[in-house]
Amino acid sequence: MPHESESAAARDARMVAAVLEWFAQAGRDLPWRGGSATPWGVLVSEIMLQQTPVVRVEPVWREWMARWPAPVDLAAAEQADAVRAWGRLGYPRRAKRLWECAGALVDRHGGVVPRTYEELVALPGIGDYTAAAVVAFAHGGRSVVLDTNVRRVIGRAWHGRALPAAHQTVGERAHAASLVPRDDAGAAEWAVASMELGALVCTARVARCDECPLARECAWLAQGRPGLDLAPRRTQPWHGTDRQVRGRVMALLRAASSPVNVTGHATLEDVEPGQLDRCLEGLLADGLIRLDDADRGTYTL
DNA sequence: TAGCCGTGGCA
DNA sequence: TTGCCAAGGCT
């Protein structure tokens, strides 16, 4: 092996070790961490945490765990109850898919959360990240957990890039995989520690480099932290969009205990009829709402 | 494969 | 105040 490769590998190992050491003293004590939660609890937390901050997830997660402590419990519930209990976490399709996931766990896996990436990624609502996360955090197994936090940490510290590209590349994934410790426990620790570093220190907007265990080695910091302001992020439109109207319809139906005449409802008077109809069609197609009475125009979850 | 899908807090 | 963005997945 060439001397350069040995040196790079040693440097990688040193940086990984520094992140693990940092996490041991700075990591948060979250209820789904540290082996105190069941694999099902970990899975539920991962779905809830998709694009949603920890502080908003935690109370809802506790309610779900008390109400549906195992997949079989959620599978026996009504989809509408799952969507309602999802509350305002956002992306209610996640609630529907999690409910479907519980059913699939009962049907295909005897009500048990499987241990392999391949089995997990085949379940509703579980993609590459979540499957890898459940392998690591629910079962202590080795996987390549590559979320936006880990991508940002690696991109900055190793490559001097302010923010990750919109999509993963083969090369990026290969490099991330090469950094994962060989042993199961070390791999799982690296996953949670590198994610935590991205969540608490190496954040997207205000990086706290003075607190970072990688500050001495960080390529991005060494270059003067370039490229943060001109970051080409696609701005998410919101006001007046279908997305907003869908959210308002869902909020209305979540709060209702009986079917609601949505198109005639006072709180939606400002919405163009055409847009409201389009959103209702979309929600019906997504299986998030049901038409109760076509003549009266009433809907339910 | 871009585009789409909620929500709320913060700089 | 408002744009940014937070542990993605699906089509």
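Residue numbers begin at 1 in each chain, while the letters A, B, ... track the order of the sequences. Worth knowing before you read on, the calculation uses all heavy atoms, side chains too, and leaves out hydrogens, waters and symmetry mates.
Nucleic acid contact for A:Gly90: base, since at least one base atom lies under 4.0 Å from a heavy atom of the residue. Here A:Val57 lies out of heavy-atom contact (under 4.0 Å) with every strand. Residue contacts shown for A:Asp286 are absent, as no nucleic acid heavy atom lies under 4.0 Å away. Among the protein residues, A:Ile47 comes within range of no part of the nucleic acid, since none of its heavy atoms lies under 4.0 Å from any strand. Across all strands shown, A:Ser45 has no heavy atoms under 4.0 Å from either base or sugar-phosphate atoms.
Between A:Trp158 and A:Asp12 the shortest side-chain heavy-atom distance falls below 4.5 Å. A 4.5 Å side-chain heavy-atom check between A:Arg28 and A:Leu200 finds at least one atom pair inside the cut-off. Using a 4.5 Å cut-off on side-chain heavy atoms (C-beta onward), A:Val44 and A:Met48 make contact.
Side-chain polar atoms of A:Thr116 and A:Glu119 form a donor-acceptor pair below 3.5 angstrom.
For the pair A:Leu283 and A:His167, both in contact range of DNA chain B, the more 5′-proximal nearest nucleotide belongs to A:His167. Along DNA chain C, the nucleotide nearest A:Thr203 and the nucleotide nearest A:Ala131 are compared for position; the residue whose nucleotide lies closer to the 5' end is A:Thr203. DNA chain C is contacted by both A:Phe137 and A:Arg97; A:Phe137 maps to the nucleotide lying nearer its 5′ end (nearest heavy atom per residue).
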Sub-3.5 Å pairs of nitrogen or oxygen atoms, protein against nucleotides 9-11 of chain B:
none

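Note that CZ of A:Arg278 and CD of A:Glu272 are 10.0 Å apart. Values are rounded to the nearest 0.5 Å.
Straight-line distance from the CZ atom of A:Arg93 to the C1' atom of C:dC10: 7 Å, rounded to whole Å. C:dC10 atom P lies 14 Å from atom CG of A:Leu288, rounded to whole Å. Residue A:Tyr91 contributes atom OH, which lies 10 Å from atom P of C:dG8 at whole-angstrom precision. Taking atom CZ of A:Arg88 as the reference point, atom C1' of B:dT7 lies 7 Å away to the nearest angstrom. Rounded to an integer number of Å, the gap from CG of A:Asp128 to P of C:dG9 is 7 Å. We find that CG of A:Asp242 is positioned 9 Å from P of B:dC4, with the value rounded to whole Å. Rounded to whole angstrom, the span from the CG atom of A:Leu280 across to the P atom of B:dC5 amounts to 14 Å. Between A:Arg243 atom CZ and C:dC4 atom C1' the separation is 13 Å, expressed in whole Å.
The hydrophobic clustering, which links ILVMFWY residues whose side-chain heavy atoms are closer than 4.5 Å, places A:Tyr117 and A:Ile47 together. Hydrophobic clustering of Ile, Leu, Val, Met, Phe, Trp and Tyr side chains at less than 4.5 Å, counting indirect connections, unites A:Val145 with A:Leu214.
At a non-hydrogen distance threshold of 4.0 Å, A:Arg28, A:Leu30, A:Trp32, A:Arg33 from residues 23-40 of chain A come into contact with DNA chain C.
Rounded to a whole angstrom, the distance from the C1' atom of C:dA7 to that of B:dA11 is 22 Å. For C:dT11 and B:dG6, the P atoms lie 14 Å apart once the distance is rounded to whole Å.
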Hey, mind stepping through A:Gln50 and A:Tyr129 against side-chain hydrogen bond (donor to acceptor under 3.5 Å, both in side chains) and telling me if it holds? CA-CA 9 Å; A:Gln50 291 168 2; A:Tyr129 160 75; over 6 Å; no

The test is ring pair (Phe, Tyr, Trp, His ring centres under 6.0 Å); show your working for A:Trp86 and A:Trp64 and say whether it passes. CA-CA 9 Å; A:Trp86 195 253; A:Trp64 275 59; 5.7 Å; yes

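One donor-acceptor pair, N or O on each side, does fall under 3.5 Å between the base of B:dG6 and the side chain of A:Thr52.
Side-chain proximity of A:Thr130 to the nucleotides C:dA7, C:dG9, B:dC5 is greatest for C:dG9. Nearest to the side-chain atoms of A:Arg254 among the listed nucleotides B:dT7, C:dA7, C:dG9 stands B:dT7.
For residues 76-94 of chain A, the pairs satisfying salt bridge (charged side-chain N to carboxylate O under 4.0 Å, His left out) are A:Arg93-A:Asp286, with sequence neighbours left out.
Taking 4.0 angstrom as the limit, A:Gln51 places a side-chain polar atom (N or O) nearer than this to OP1 or OP2 of C:dG8. Listed pair A:Arg94 / B:dG6 fails the phosphate criterion, with no side-chain N or O lying under 4.0 Å from OP1 or OP2.
Remark: A:Arg248 engages A:Asp270 in a salt bridge, criterion side-chain N to carboxylate O under 4.0 Å.
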